[in-house]
> 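Sharing a structure, written as structure tokens. Questions coming.
A, B, ... follow the sequence lines: proteins, then strands. Residue 1 opens every chain. Reckoned from all heavy atoms, side chains included, excluding hydrogens, waters and symmetry mates.
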Amino acid sequence: MTDTDTTATTNRTPAERYDPAAIEPKWQNRWAELRLYDTDLDDDSRPKFYLLTMYPYPSGALHIGHWYIKTPTDAVARYRRMHGDNVFFPIGFDAFGLPAENAAIKNRINPRDWTMANIETMRRQLRSMGATFAWDAEVVSCEPEYYKWNQWLFIQLLKRGLAYRAVSPVDWCPNDGTLAREQVEGTDRHCWRCGAKVEKRELAQWYFRTTNYADELLDFSGIDWPEPIRIQQTNWIGRSTGAEIVFETAPSAHHAGGEELRVFTTRPDTLYGATFMVLAPEHPLVAELTSPERKADVEAYVTATQAKTEIDRLSTDREKTGVPIGADAINPVNGARIPIFIADYVLATYGTGAIMAVPAHDERDFAFATRHGLPIVRVIAPRDADPNEPLTQAFVNKAVDEAPADDRKHGWLEDIALINKGTDAARELVMVNSGPWDGKPAIEAWGGIVEALAAEGKGQEAVTYRLRDWLISRQRYWGTPIPVIHCPTDGPVPVPEEELPVLLPTEVDYRGSGENPLNRDEAFLNVSCPVCGGPAKRETDTLDTFIDSSWYWYRYLSPNKPDGPIDLDLTEGWTPVEQYTGGAEHAVMHLLYAREFTKMLRDLGMVQQNEPWRRVFNQGQILGMDGERMSKSRGNTQDPDELVSKYGADTVRLFLMFMGPWDQGGPWSPTGIGGVHRFLNRVWALALDPHYREPGDPDAGTLPDGQGEAAARTALRAAAHRTLRDVTADYQAFHFNTMVAKLMELTNTLFRYRGSAVAGGPEWDEAMRLLLQMLAPAAPHITEELWSRRLAARGEAWSSIHTSRWPEVDASAVVESSREVPVQINGKVRDRVTVAADASAAAIEAAVLASPRIQELLAGRTPDRVIQAGGGRLVNLVVRE
RNA sequence: GCCGGAGUGGCGGAAUGGCAGACGCGGCCGACUUAAAAUCGGCUGCCCGCGAGGGCGUGCGGGUUCGAAUCCCGCCUUCGGCACCA
């Protein structure tokens with residue numbers, strides 16, 4: 001802290017210094033006392049505006065990244081209130097999750113104690129932002145009052161058949177149990193905690209039937225979301241239309257054959273070109289079909305596959321490895337025997353876990369065939385081409401490559417349609433090496449072959465998705481216990497609703513391991529079966545925390561409702577949420593899970609809407625100075641408290657908004673925060689002392705050259721209203737950085753007139769009022785202070801600037817009488833001419849041609865063309881050389 | 001690897017088919033001050049030129065257009081996500 005007493009000895013300014021430390025707590029307390037931002041959820045007299053920011057994970061202390069996320073959203077809340085909206089802007093904590101367990105194991109404390117202490121710290125820090133959260137509505141997801149309803153909803157979904165149990169593999173460490181992907185380290189895949197080699201283990205786990213909703217999730221109608229998020233979700237869902245085709249295994253020395261092998265393909269038209277088949281190494285028939293002499297190789301390959309991540313397996317530039325299993329399949333259309341392989345580029349979780357390989361028409365299959373010396377048979381070719389000429393690469397579709405880019409995005413079927421429409425790139429493609437189909441147009445084969453198969457019961461059209469059902473089981477302590485009891489007689493039985501919540505035991509001993517401690521908690525584990533009363537075991541898996549975050553904003557509306565998760569009446573009045581803001585890293589998973597969960601809630605009758613949020617804005621992520629993600633463990637966090645004590649909350653808020661576009665994020669750097677602080681000081685100085693003349697400015701107190709007093713008044717008013725027009729648009733579009741820049745510009749303009757004849761006059765006064773109101777949502781404390789002084793000076797009773805009405809643009813103030821037109825010759829700016837604001841095109845052209853500089857450059861030539869762009873905003877003279 | 005975003009002065013960024021570099025930081029110069037700090041004002045993309053002025057310039061290479069940071073094609077770099085981090 002610097003000693004501010006020295007100001008008394010300088011004659012810099014007679015006015016009082018801007019001291020945020022004195023102002024900010026004062027107004028924060030005043031707002032709290034007056035309950036200025038409490039939301040009356042039953043007030044129907046004003047438009048409702050539900051503004052939601054992603055509830056934070058209580059990781060420890062707030063860092064600057066939290067401020068980056070929250071303060072612009074708070075500015076929006078304040079901006080909407082100034083428009084008379086009834087704004088609901090709640091906050092809570094996403095309190096279950098892995099970091100609490102990691103901290104608990106490491107420090108031998110209880111995850112709940114760790115979490116609750118962090119929440120306490122973060123609550124205090126969130127208040128210091130001057131944010132207008134509706135704290136009464138707070139939701140903390142690790143409280144039984146909340147997770148009880150996770151359990152209740154799970155049971156409803158189970159009864160509806162939307163939750164089910166299936167076996168699937170997890171990454172498993174013998175010492176620490178199930179591992180998250182981030183807990184598996186290195187190419188040798190060892191455990192992050194103990195270093196042991198990670199294995200796969202098959203576990204029975206719980207799922208939600210997400211895929212039921214796949215088609216509906218592709219439909220974004222009725223919501224207004226940024227296109228990149230919609231595209232990412234659409235690609236994540238990955239709908240493909242194709243066919244399921246039934247192959248049969250061929251008899252062999254060791255095997256009778258005749259098993260069905262179903263494949264999914266998007267290219268049934270290429271069926272005659274299938275020269276081998278590939279199963280996922282995890283395919284259930286692999287063990288059975290493998291011949292004795294291939295067994296060792298196949299098993300080794302299966303084991304090797306387990307050590308690979310899906311990202312590795314799907315990488316298109318990796319060598320396409322695989323091994324034959326010593327069995328053949330029979331192509332249903334021509335009876336050809338084709339060898340069966342396993343290869344890791346085929347995934348068990350997609351389609352049927354098996355493909356027919358058509359190397360001539362698929363790049364991955366082509367690579368595999370080339371590597372393993374398998375035949376490549378072309379079945380589609382241009383009519384005039386030699387069908388048996390060897391291919392150097394997969395013939396995916398030459399016509400597609402030459403088609404206009406927009407058309408190329410569509411699939412094969414559309415491309416064929418396009419070819420038949422006779423586009424420039426169109427070329428007639430015909431079937432070859434395809435028995436009865438030879439010579440027929442390729443466009444007929446796709447549907448025709450599927451139809452023929454269907455007639456014989458050997459295939460049908462099918463749709464498959466990249467999206468998989470949602471695995472909701474977690475082998476962890478710190479989460480919502482799954483309310484199920486496993487009875488040896490009755491199987492898995494839901495816990496009766498009147499016994500909810502199934503409480504998480506408060507005492508927990510990790511014994512230094514990541515293994516779920518619930519597995520050895522005898523008191524928790526041993527229960528009687530709700531059906532037969534016999535001895536039974538409680539489920540020890542807990543729910544994925546993405547479930548907590550899939551409905552918390554509904555709970556905010558009635559956080560204490562004792563007899564159900566959601567208040568239907570309030571929900572109907574207040575949701576879908578008008579605006580949701582949160583990190584871009586959530587563009588797919590959280591934002592998709594929660595959409596799906598909302599649709600399930602709708603099907604349970606808990607809500608009457610299809611989508612949870614009308615608008616979504618993903619802000620960028622603020623990184624540490626090292627360019628890495630900010631985290632306590634990396635030690636690259638910035639403590640906002642430090643900055644707040646030095647500059648005040650208003651400066652920090654404003655600086656975060658000014659840094660750059662909000663959806664971009666970027667590495668944190670405090671460089672430049674002084675400039676924002678200086679800006680607030682200038683606003684302060686203008687408001688307190690309009691007549692002060694700077695001794696350091698030679699022009700202080702004078703009007704700009706050639707500007708009379710009347711013109712100065714008009715110019716001041718025009719600047720204020722133009723700023724209001726632009727700033728309003730910027731708030732609306734979340735362009736906070738340019739919003740601040742425009743307020744700085746207006747401040748600079750006011751500074752130019754400070755101490756002059758127009759300072760303190762009605763136009764000045766209006767400009768000051770607009771400046772304070774425009775700045776109020778972003779810098780709430782300083783504007784409230786200056787507003788209160790302004791009211792006092794005018795002898796008016798106090799009322800908060802934040803309840804004042806957002807001003808209206810006076811369009812007549814914005815219009816100008818003349819404007820400057822840049823003049824280009826062949827696209828290079830060579831001159832500017834001034835014309836009347838309403839000058840006609842002819843008048844502009846005349847003015848341009850009359851310019852001495854332009855005449856000189858034209859040197860007697862007449863322009864070949866005169867282009868007036870944007871209604872005469874710019875003129876381009878085209879002169880041929 | 002796949003999907004999505006971004007690349008512009010010394011730095012953060014503005015401009016999304018029409019004046020490249022708004023606004024701010026930093027730097028230089030000046031005013032005020034005994035002085036320093038603070039504050040205020042001016043200049044500040046690069047190159048050539050005393051100057052008037054000219055040339056070059058938005059990651060790289062091509063293209064469309066009277067006109068491209070912006071649109072299209074092909075690359076490069078970087079950030080986010082890839083299903084048990086939240």
> For A:S315 and A:D469, find the nucleotide of RNA chain B closest to each by heavy atoms; which residue's nucleotide sits nearer the 5' end?
A:S315
> For A:Q475, which contact category applies under a 4.0 Å heavy-atom criterion: base, sugar-phosphate, or nothing?
base
> Go through B:C84, B:G18, B:C85 for me and flag the one nearest to the A:P99 side chain.
B:C85
> Between atom CG in A:L623 and atom P in B:G5, what is the gap in whole Å?
18 Å
> Nearest whole angstrom, please: distance from the P of B:G81 to the NE2 of A:H586.
9 Å
> In terms of side-chain heavy atoms of A:L98, which of B:C85, B:A83, B:C84 is nearest?
B:C85
> Does B:C50 pair with anything, Watson-Crick or G-U wobble, both distances under 3.5 Å, and if so, with which nucleotide?
none
> Return the nucleotide paired to B:A22: Watson-Crick means purine N1 to pyrimidine N3 with N6-O4 or O6-N4, wobble means G-U with N1-O2 and O6-N3, both under 3.5 Å.
none
> Is the phosphate of B:A14, meaning OP1 or OP2, less than 4.0 Å from a side-chain N or O of A:N737?
yes
> Would A:R17 and A:D19 pass as an ion pair if we require N to O under 4.0 Å?
no
> Under 4.0 Å between any heavy atoms, over every strand shown, what does A:L467 touch: base, sugar-phosphate, or nothing? Just pick one.
base
> Less than 6.0 angstrom separating the ring centers of A:F679 and A:W684, yes or no?
no
> Ignoring hydrogens and angles, are the base of B:C66 and the side chain of A:N876 linked by a donor-acceptor pair under 3.5 Å?
yes
> Can the positive tip of A:R682 be found less than 6.0 Å from the middle of the six-membered ring of A:F751, inside 45° of the ring normal?
yes
> List, one per line, each side-chain donor-acceptor pair under 3.5 Å for residues 651-662 of chain A, sequence neighbours excluded.
unit_1	atom_1	unit_2	atom_2	d
A:T651	OG1	A:Y647	O	3.3
A:T651	OG1	A:H677	ND1	2.9
A:R653	NE	A:A778	O	2.9
A:R653	NH1	A:D74	OD2	2.8
A:R653	NH1	A:M129	O	3.0
A:R653	NH2	A:D74	OD2	2.7
A:R653	NH2	A:P777	O	3.1
A:W662	NE1	A:Y68	O	2.9

> Considering only B:G4, B:G18, B:A83, which nucleotide approaches the side chain of A:A869 most closely?
B:G18
> Looking at A:W470 versus A:Y593, is the centre-to-centre ring distance below 6.0 Å?
yes
> For A:Q664, answer base if it contacts any base atom (sugar-phosphate contacts may also be present), sugar-phosphate if it contacts only those atoms, and nothing otherwise; contact means non-hydrogen atoms under 4.0 Å.
sugar-phosphate
> Is a donor-acceptor contact shorter than 3.5 angstrom present between the side chain of A:Q621 and the base of B:C79?
no
> Whether the side chain of A:R181 and the base of B:C82 hold a donor-acceptor pair under 3.5 Å is what I'd like checked.
no
> Could you give the distance separating B:G10 and B:U44 at their C1' atoms, to the nearest angstrom?
11 Å
> Are there any protein N/O atoms within less than 3.5 Å of an N/O atom in nucleotides 52-55 of chain B, and if so, which ones and at what distance?
unit_1	atom_1	unit_2	atom_2	d
B:G54	OP1	A:R853	NH2	2.8
B:G55	OP2	A:R830	NH1	3.4

> Measuring from the side chain of A:T178 (C-beta onward, heavy atoms only), which nucleotide among B:C66, B:A83, B:C84 has the closest atom?
B:C84
> Return the value, rounded to whole Å, for the distance between atom NE2 of A:H590 and atom C1' of B:G80.
16 Å
> Counting only side-chain N and O atoms of A:R474, is one of them less than 4.0 Å from OP1 or OP2 of B:C84?
yes
> Establish, from distance only, whether the side-chain atoms of A:W172 and A:Q475 form a donor-acceptor pair under 3.5 Å.
no
> Select one nucleotide: of B:G12, B:C84, B:C32, the one nearest the side-chain heavy atoms of A:F658.
B:G12
> As a test of reading the structure: which of B:C23, B:A83, B:C84 is closest to the side chain of A:M744, going by heavy atoms?
B:C23
> Mind calculating the distance between CD (A:E585) and C1' (B:A6) to the nearest angstrom?
16 Å
> Could you say whether A:P228 or A:Y57 is positioned toward the 5' end of RNA chain B, judged by the nucleotide with the nearest heavy atom to each?
A:P228
> B:U78 and B:C84: how far apart are their C1' atoms, nearest whole angstrom?
28 Å
> So, OP1 or OP2 of B:U39: does either fall under 4.0 Å of a side-chain N or O from A:R678?
yes
> Does A:E185 CD have over 12 foreign heavy atoms under 6.0 Å away?
yes
> Rounding to the closest angstrom, what is the interatomic distance between B:C71 and B:U16 at atom P?
11 Å
> Distance check, P atoms only: B:C3 and B:C85, in whole angstrom units.
23 Å
> Taking atom C1' in both B:G49 and B:C56, what distance in whole Å separates the two?
15 Å
> From the set B:C66, B:A15, B:A86, return the single nucleotide nearest to any side-chain atom of A:T738.
B:A15
> Could you identify the nucleotide paired to B:A6, looking across every strand shown and requiring Watson-Crick or G-U wobble geometry with both distances under 3.5 Å?
B:U77
> With a 6.0 Å cut-off on ring centres, are A:Y552 and A:Y55 close enough?
yes
> Answer with base, sugar-phosphate or nothing: what part of the nucleic acid does A:L471 contact at a heavy-atom distance below 4.0 Å?
base
> Please report the distance separating the P of B:G27 from the corresponding atom of B:G81, rounded so that it comes out in whole Å.
36 Å
> Out of A:R468, A:Q205, A:E282, A:K200, which residue meets the side chain to side chain donor-acceptor pair (under 3.5 Å) rule with A:S168?
A:Q205
> If you look at every strand shown and take non-hydrogen atoms under 4.0 Å, does A:P661 touch a base, only sugar-phosphate, or nothing?
sugar-phosphate
> Checking contacts here: which listed nucleotide (B:A38, B:C3, B:C82) is nearest the side-chain heavy atoms of A:R17?
B:A38
> Could you identify the nucleotide paired to B:A15, looking across every strand shown and requiring Watson-Crick or G-U wobble geometry with both distances under 3.5 Å?
none
> Taking B:U77 as the reference, what is the distance to B:C28 when you measure between their P atoms (whole Å, please)?
38 Å
> Relative to the ring of A:Y580, is the ring of A:H590 parallel (under 30°), tilted (30 to 60°) or perpendicular (over 60°)?
perpendicular
> Using atom names, set out every protein N or O paired with an N or O of nucleotides 41-46 of chain B below 3.5 Å, distance rounded to 0.1 Å.
unit_1	atom_1	unit_2	atom_2	d
B:G41	OP2	A:R682	NH1	3.4

> Would you state whether a donor and an acceptor, one from the side chain of A:E101 and one from the base of B:C85, lie under 3.5 Å apart?
no
> What do you reckon, is NE2 of A:H735 surrounded by more than 12 foreign heavy atoms closer than 6.0 Å?
no
> Classify the glycosidic conformation of B:G9 as syn or anti, calling it syn when the angle lies within 90° of 0.
syn
> Are more than 12 heavy atoms from other residues, nucleotides or ligands located less than 6.0 Å from atom CZ of A:R193?
yes
> Does A:R595 qualify as a cation-pi partner of A:W551, given the criterion of NZ or CZ under 6.0 Å from the six-membered ring centre and within 45 degrees of its axis?
no
> Distance check, C1' atoms only: B:G59 and B:U8, in whole angstrom units.
10 Å
> Students often get this wrong, so: under 4.0 angstrom with heavy atoms, is A:I311 touching a base, only sugar-phosphate, or nothing?
base
